[in-house]
Undergrad: 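Attaching a single structure in structure tokens format; questions to follow.
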Protein chains: 2
Amino acid sequence: MSTEKNSRLIDVARVAGVSLATASRALGGTAQVTSAKAARVHQAAADLGYVPNAHARALAGAATRMAGLIIHDVGDPYFSEIARGVVEVAERNGILVLISHSRREPDRELSHIRSLRANRVEALVLAGSGYVDADSEEETANELRTFGASGGRVVLVGRHHMDVDTVIPDNVAGGATAANHLLDLGHRDIAIVAGPSTLTTVEDRLAGIASALDGHGMSLDDLYLVHGDFTRDGGAVAANKLLETHPSVSAVIALNDAMATGVLARFRERGIVVPDEISVMGFNDTPGAADTNPALTTIRLPSRSWESSLSR
Amino acid sequence: MSTEKNSRLIDVARVAGVSLATASRALGGTAQVTSAKAARVHQAAADLGYVPNAHARALAGAATRMAGLIIHDVGDPYFSEIARGVVEVAERNGILVLISHSRREPDRELSHIRSLRANRVEALVLAGSGYVDADSEEETANELRTFGASGGRVVLVGRHHMDVDTVIPDNVAGGATAANHLLDLGHRDIAIVAGPSTLTTVEDRLAGIASALDGHGMSLDDLYLVHGDFTRDGGAVAANKLLETHPSVSAVIALNDAMATGVLARFRERGIVVPDEISVMGFNDTPGAADTNPALTTIRLPSRSWESSLSR
DNA sequence: ATGAAAGCGCTAACAC
DNA sequence: GTGTTAGCGCTTTCAT
């Protein structure tokens, strides 16, 4: 196959018999061009299969119109729903979305922020929990600050406030609600299926649960706590451990819907009837949670927005 | 907020007291640079929060490392699973993914191919059904051909062969399998919940169903056929219509899992017990289909791959 | 090993 | 209205 290079604007101009500038104007609609010439330019462009080089365009100062999205994993319904929203809004505004996976690794996240910045995105959306580790959070905050200072917009979803626009659910209150719900139902032998303790979301939800327990004269130590990946598989693995070591539990709180779904799946395989034998709760109200078998009881978290003082 | 511009390589060079070329080499590792100078360059870059301009880099001839992904909607589990795979593989190869929604509109798809091409992606992944309309398919094929000719790689998922690498399930056989399954169970009063007839996937699955019916002395006309959006919501809407006009059906074939999920959800709301009162079948083996309530019977489609003769 | 300089393809002054 | 030209920020010869 002959690998013919992409044709350039100058090629179009040549074929149309006009100057580079005229071709640019005709195609971009930036200025008035005689309709006859404009037509010739468009024809030439079509004939050559001309596609403007976005890089050259960006370099020359035209608006780039790209946004960056960093999420844990698009495969997780919680994030795919966020991605859907971001892509829809972006598209409506003629913005292309660069998507990447943090996989909940601070370093990966940081390097993605960098390459998204390198691509001169005009906005950055980071969704998912922040990290308990102050150092990596500080690095991220710095990077975002620099990005903001050079004109970039940042939105954080489900992550602690960082001087940028933020939407974050009240994880502590949510944790308390979940625990109180089970406690009020009389459950005492409860298991917590948690994500990695490196995540602030996990930390916060646990704190909420702890405070609820406190109100009942109990503490987290009275519960069975398993940590695992904050994913469906992580939930399934945790359910296995749970069944082996603490088969007596009457209720499970999974710290997100993905893990809850994994727990439910494993219980279903083992023939354990939910909620008759064991109650299972999740978080986040992920799309699809209502469709699970058995239906998942999930805590819808009220979100709070922070509009950054740096906002323009 | 003072909007300080992004610093450029020349700024780094200046601070490090070296030439532009040396700074470039030190940062890019392209050639040998005295370790002392290299260190100064890296230090300067860090101090200035320097992030190379990917556009300038691309324009200057460096590899761009971007791929484009066009899917119906990342919110649909079928597509988010594909997106997950694409992003993972791309990331492992240092490639950034530009994602966009076709929303199953040929024009939108075409314009996305163009802007992805404009961004000089090295590969393009189109996932989802093709269109019955020959004209729009031809336009797309042309665009992809041009892209391929200029060195781009194309992969089609779930779409008819177009002289590029393709992975496509055997939709006709799948349709027949689904129909035969129900027919063998004795069902005769069957409803088909289909996506838009503009999609080849819908057309093919219906053709398979028709052939199965034919083997039983029946035709599609003997069934109740509803068309709707090829989504969860589309399935729910179709289920409503179905219940109103043909409450006697004993089985439903939804032409994809998204619609099947919508049907199940609506049946659940109405207190209709599946599969006791009505059987429901889906397609695609979408992740999560096994988690639905009630469990969805879904046809796993054997896929066939085509490696394009144009492949390099 | 290092620097000077020539583009990459385009837009936006700036002339006419 | 149209053409000429100077960059945008970088990589890469080409000298040295």
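Per chain, numbering begins at 1; letters A, B, ... match sequence-line order.
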Undergrad: Using atom types as modelled and distance alone, determine if a side-chain donor or acceptor of B:His112 lies under 3.5 Å from a backbone N or O of B:His101.
TA: yes
Undergrad: Kindly point out which of C:dC10, D:dC10, C:dC8 is positioned nearest to the side chain of B:Leu59?
TA: C:dC8
Undergrad: Could you check how far CG of B:Leu9 sits from C1' of C:dA4, rounded to whole Å?
TA: 15 Å
Undergrad: Considering non-hydrogen atoms only, spot the tightest contact between B:Val74 and B:Ala83 and give its length.
TA: CG1-CB, 4.0 Å
Undergrad: How close do B:Ser129 and B:Leu199 get, counting heavy atoms only, and between which atoms?
TA: OG-CB, 3.3 Å
Undergrad: Between A:Ala54 and A:Arg25, just flag the one whose closest nucleotide in DNA chain C comes earlier from the 5' side.
TA: A:Ala54
Undergrad: With a 4.0 Å cut-off on heavy atoms, is B:Thr34 in touch with a base, just the backbone sugar-phosphate, or nothing at all?
TA: sugar-phosphate
Undergrad: Measure from the side-chain heavy atoms of B:Lys5 and tell me the nearest of C:dT2, D:dG1, D:dG9.
TA: D:dG9
Undergrad: Side chain of B:Ala56 only, please: which of D:dC10, D:dT11, C:dT11 is the nearest?
TA: D:dC10
Undergrad: Is there side-chain contact between A:His55 and A:Arg120, with heavy atoms separated by less than 4.5 Å?
TA: no
Undergrad: Expressed in angstrom and rounded to an integer, what is the separation of A:Ile10 atom CD1 from D:dG3 atom C1'?
TA: 12 Å
Undergrad: Think A:Ser24 has a side-chain N or O under 4.0 angstrom from the OP1 or OP2 of C:dC10?
TA: no
Undergrad: Can you tell me which nucleotide in D:dC10, C:dT2, C:dT11 comes closest to the side chain of A:Leu20?
TA: C:dT11
Undergrad: Looking only at heavy atoms, what is the nearest atom pair of B:Ser102 and B:His72, with distance?
TA: OG-CA, 3.5 Å
Undergrad: Output the rounded distance in Å from NE2 (B:His55) to C1' (D:dC10).
TA: 13 Å
Undergrad: Is A:Lys37 near enough to D:dG1 that one of its side-chain N or O atoms lies under 4.0 angstrom from OP1 or OP2?
TA: no
Undergrad: In whole angstrom, give the distance that lies between atom CZ of A:Arg120 and atom C1' of D:dC8.
TA: 11 Å
Undergrad: Out of C:dT11, D:dG3, C:dA1, which nucleotide sits closest to the side chain of A:Ala62?
TA: C:dT11
Undergrad: Rounded to the nearest angstrom, tell me the gap between atom CG in B:Asn53 and atom C1' in D:dG7.
TA: 14 Å
Undergrad: Taking atom P of C:dG9 as reference, at what distance in whole Å does atom CG of B:Asn119 sit?
TA: 16 Å
Undergrad: From C:dC10, C:dC8, D:dG1, pick the nucleotide closest to the side chain of A:Ala60?
TA: C:dC10
Undergrad: Look at the side chain of B:Gln32 and decide which nucleotide, out of C:dA1, D:dG1, C:dT2, has an atom nearest to it.
TA: C:dA1
Undergrad: Over how many whole Å does the gap from B:Leu27 atom CG to D:dT12 atom C1' extend?
TA: 16 Å
Undergrad: Is any side-chain N or O of B:Thr22 closer than 4.0 Å to OP1 or OP2 of C:dT2?
TA: no
Undergrad: What's the closest nucleotide to the A:Ser19 side chain, out of C:dC10, D:dG3, C:dG3?
TA: D:dG3
Undergrad: Run the salt bridge (Lys or Arg N to Asp or Glu O under 4.0 Å) test on A:Arg104 and A:Asp229 for me, step by step, so that the C-alpha distance in whole Å, both residues' side-chain angles and the decisive distance to 0.1 Å come before the verdict.
TA: CA-CA 10 Å; A:Arg104 299 204 172 92; A:Asp229 273 359; over 6 Å; no
Undergrad: Quickly work out the A:Arg57 CZ to C:dG9 C1' distance and round it to whole Å.
TA: 11 Å
